[in-house]
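Remember, predicted model here, so these are calculated numbers, not experimental data.
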Amino acid sequence: MKDPVTTITGITYDRESIERWLFTSENTTCPVTKQSLPKDSDLTPNHTLRRLIQAWCTENASNGVDRIPTPKPCLDKAYVLKLIKNLSHHKLQIEALTQMEVLAAENERNRKCMVDAGLPKAMLVFIVSCFENGQVSGIQEALCILRLIKIPRSESRVFLCENGKIIESLTWILGCKMDNYATVKSHAVSVLRILLEDASSSVLKRLKPEFFERIVGVLREKITQQGIKDALEVLLEACPWAGNRKMMVESGAVFELIELELGSPQRRTTELNLGVLFHLCCCAEGRAQFLSHGGSIAVVAKRILRVSPEVNDRAILILSLICKFSGTSMVIQEMVDAKAVPKLCMLLQADCAPYLKNKAREILRSHFDEWKNFPCIFSSLSCLEYKVSR
């Protein structure tokens, strides 16, 4: 322990550990007694135990043990408010932001205090101000602070209603050239994801073409793994609206999603990726762009039965849309060449959800007469002919 504190249940913990338990993991019970332990309950410093620990460290200094420092006083809400006020003075902005970033990185206690003082809203207002004034200094620090303290869901929806320029401001940041652009863009997309998770339908319907161009640009540049996942989640949030899907397709999203998938990304990335692809293949323009890429059907078919049930679901639905609405002779041939048909046959024999087997059966039945003429897959279809046609 470096900073022992005693909870209202009488158990002593290290401050950082119990605060992580309460605030980050969102638990509401004492780990030892299992009694109720509200987040706003007092954590009393155990000075006696701390002094004993420090004395033991001193006695064992010859063995390489460093003496733990006396903990700093808890961050005062008034001090945070003072730092927020300094943001209105141009000369004090960078110093104030730097101090906030250091404090936010220290511990969960500081981050909670900052949220209580209204820092998330202050950072968003600062970002909008930078956009309106064309100022790039301080943006990296502000985004880093927001990433550390996180925007409470209850505040994000309210702020979007009060200040619609925040989406435009973050879109502008994604197009800016500045130092550490990869980090800045990654943080900006992360903030966008948090804001749009609880955004109203009216906000999501008002998204502009430039917004999607910037998000697709994040996928194209592959800035960071987390940035890619956040960008995919942003697209997924916006997919339910036809206008948004059209703008995504026009921004080249389908091509970039396939290119991303060809790089064999992480499991969660593939789940998000195919989720977005499914929505985009629901429109004719999306299917056309999907089929214009030589590796589209192959990469989707390859993911079946190899990643997760969620990926199986999306991959089968994508192939179903392609076969139903774009099943030309060229597509039928490509599904054979890409080994999509044998994969569908394998799915019928695999241990997976019945509705997926039914969907695979529908796909095979829809072009059964054409596919059975291909020698390379005749045996697969023959042994499953009964299952497909019944």
*Can you list the steps and then say if Val32 with Thr9 is a side-chain contact (heavy atoms from CB on, under 4.5 Å)?*
CA-CA 9 Å; Val32 173; Thr9 60; over 6 Å; no
*I would like to know whether Ile316 and Leu344 meet side-chain contact (heavy atoms from CB on, under 4.5 Å); could you show each step before the answer?*
CA-CA 8 Å; Ile316 293 297; Leu344 292 171; 3.5 Å; yes
_Derivation of the side-chain hydrogen bond (donor to acceptor under 3.5 Å, both in side chains) call for Ser156 and Glu197_ = CA-CA 9 Å; Ser156 63; Glu197 275 179 352; over 6 Å; no
*Residue pair Leu321, Phe290: steps toward the side-chain contact (heavy atoms from CB on, under 4.5 Å) verdict*: CA-CA 11 Å; Leu321 288 168; Phe290 178 85; over 6 Å; no
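The shortest distance between side-chain heavy atoms of Leu280 and Leu235 does not fall below 4.5 Å.
Not a single donor-acceptor pair under 3.5 Å links the side chain of Ser129 to the backbone N or O of Val125. Judged by distance alone, with hydrogens and angles left aside, the side-chain atoms of Asp3 form no donor-acceptor pair with the main-chain N or O of Arg15 at under 3.5 Å. Side chain of His293 to backbone of Gly295: a donor-acceptor contact under 3.5 angstrom is found. Listed for the Lys343 side chain is a donor-acceptor partner under 3.5 Å among the backbone atoms of Ile304. Checking side-chain atoms of Ser190 against main-chain N and O of Ser186 turns up no donor-acceptor pair under 3.5 Å. Although no hydrogens or angles enter the test, the distance criterion places no donor-acceptor pair under 3.5 Å between the side chain of Arg50 and the main chain of Lys2.
Put simply, CG on Leu87 and CG on Leu119 are 8.0 Å apart, with the number rounded to the nearest 0.5 Å. Taken to the nearest 0.5 Å, the CD atom of Gln333 stands 10.5 Å off from the OG1 atom of Thr328. Remark: Leu146 CG to Met100 CE distance equals 10.5 Å, nearest 0.5 Å. The CG atom of Asp198 sits 5.0 Å away from atom CZ of Arg153, with the distance rounded to the nearest 0.5 Å.
Asn110 approaches Leu103 most closely through the heavy-atom pair ND2-O, 3.0 Å. What you find for Asn273 and Leu232 is that their closest heavy atoms are N-CD1, 4.1 Å. The two residues Glu271 and Ser308 make their nearest non-hydrogen contact at OE2-OG, 2.8 Å. When all heavy atoms of Trp172 and Gly134 are compared, the pair lying nearest together is CZ2-CA, 4.1 Å. In terms of heavy atoms, Met247 sits closest to Leu207 at CE-O, 3.2 Å. Considering all non-hydrogen atoms of both residues, Ser326 and Val331 come closest at O-CG2, 3.2 Å.
Between Glu285 and Lys246 there is no salt bridge, since none of the side-chain N atoms of the basic residue sits less than 4.0 Å from a carboxylate O of the acidic one. Taking the charged nitrogens against the carboxylate oxygens, Arg20 and Glu16 do have a contact shorter than 4.0 Å, which makes a salt bridge. Ion pair Glu108/Arg111 flagged as a salt bridge, since at least one NZ, NE, NH1 or NH2 atom sits closer than 4.0 Å to an Asp/Glu carboxylate oxygen. Between Lys359 and Glu362, at least one side-chain N (NZ, or NE/NH1/NH2) sits under 4.0 Å from a carboxylate O, which counts as a salt bridge.
By the rule that hydrophobic residues join a cluster once side-chain heavy atoms approach within less than 4.5 Å of another member, Leu262 and Leu291 end up as members of one cluster. A chain of hydrophobic side-chain contacts below 4.5 Å, direct or via other Ile, Leu, Val, Met, Phe, Trp or Tyr residues, connects Leu277 to Val234.
The number of heavy-atom neighbours closer than 6.0 Å to CG of Asn63, taken from other residues, nucleotides and ligands shown, is above 12. Annotation: Lys222, atom NZ; neighbour count of heavy atoms from other residues, nucleotides and ligands within 6.0 Å is above 12. Around atom CD of Glu132, more than 12 heavy atoms belonging to other residues, nucleotides or ligands sit under 6.0 Å away. The number of heavy-atom neighbours closer than 6.0 Å to NZ of Lys229, taken from other residues, nucleotides and ligands shown, is above 12. Within a 6.0 Å sphere centred on CG of Asn133, other residues, nucleotides and ligands contribute more than 12 heavy atoms. The number of heavy atoms from other shown groups lying within 6.0 Å of NZ (Lys150) does not exceed 12. Within 6.0 Å of atom CZ in Phe159, more than 12 heavy atoms from other residues, nucleotides or ligands are found, so the atom counts as buried in its surroundings.
Under the side-chain contact (heavy atoms from CB on, under 4.5 Å) rule, Val80 has a single partner from Leu75, Val115, Asp116, which is Leu75.
Side-chain polar atoms of Glu19 and Asn107 form no donor-acceptor pair below 3.5 angstrom.
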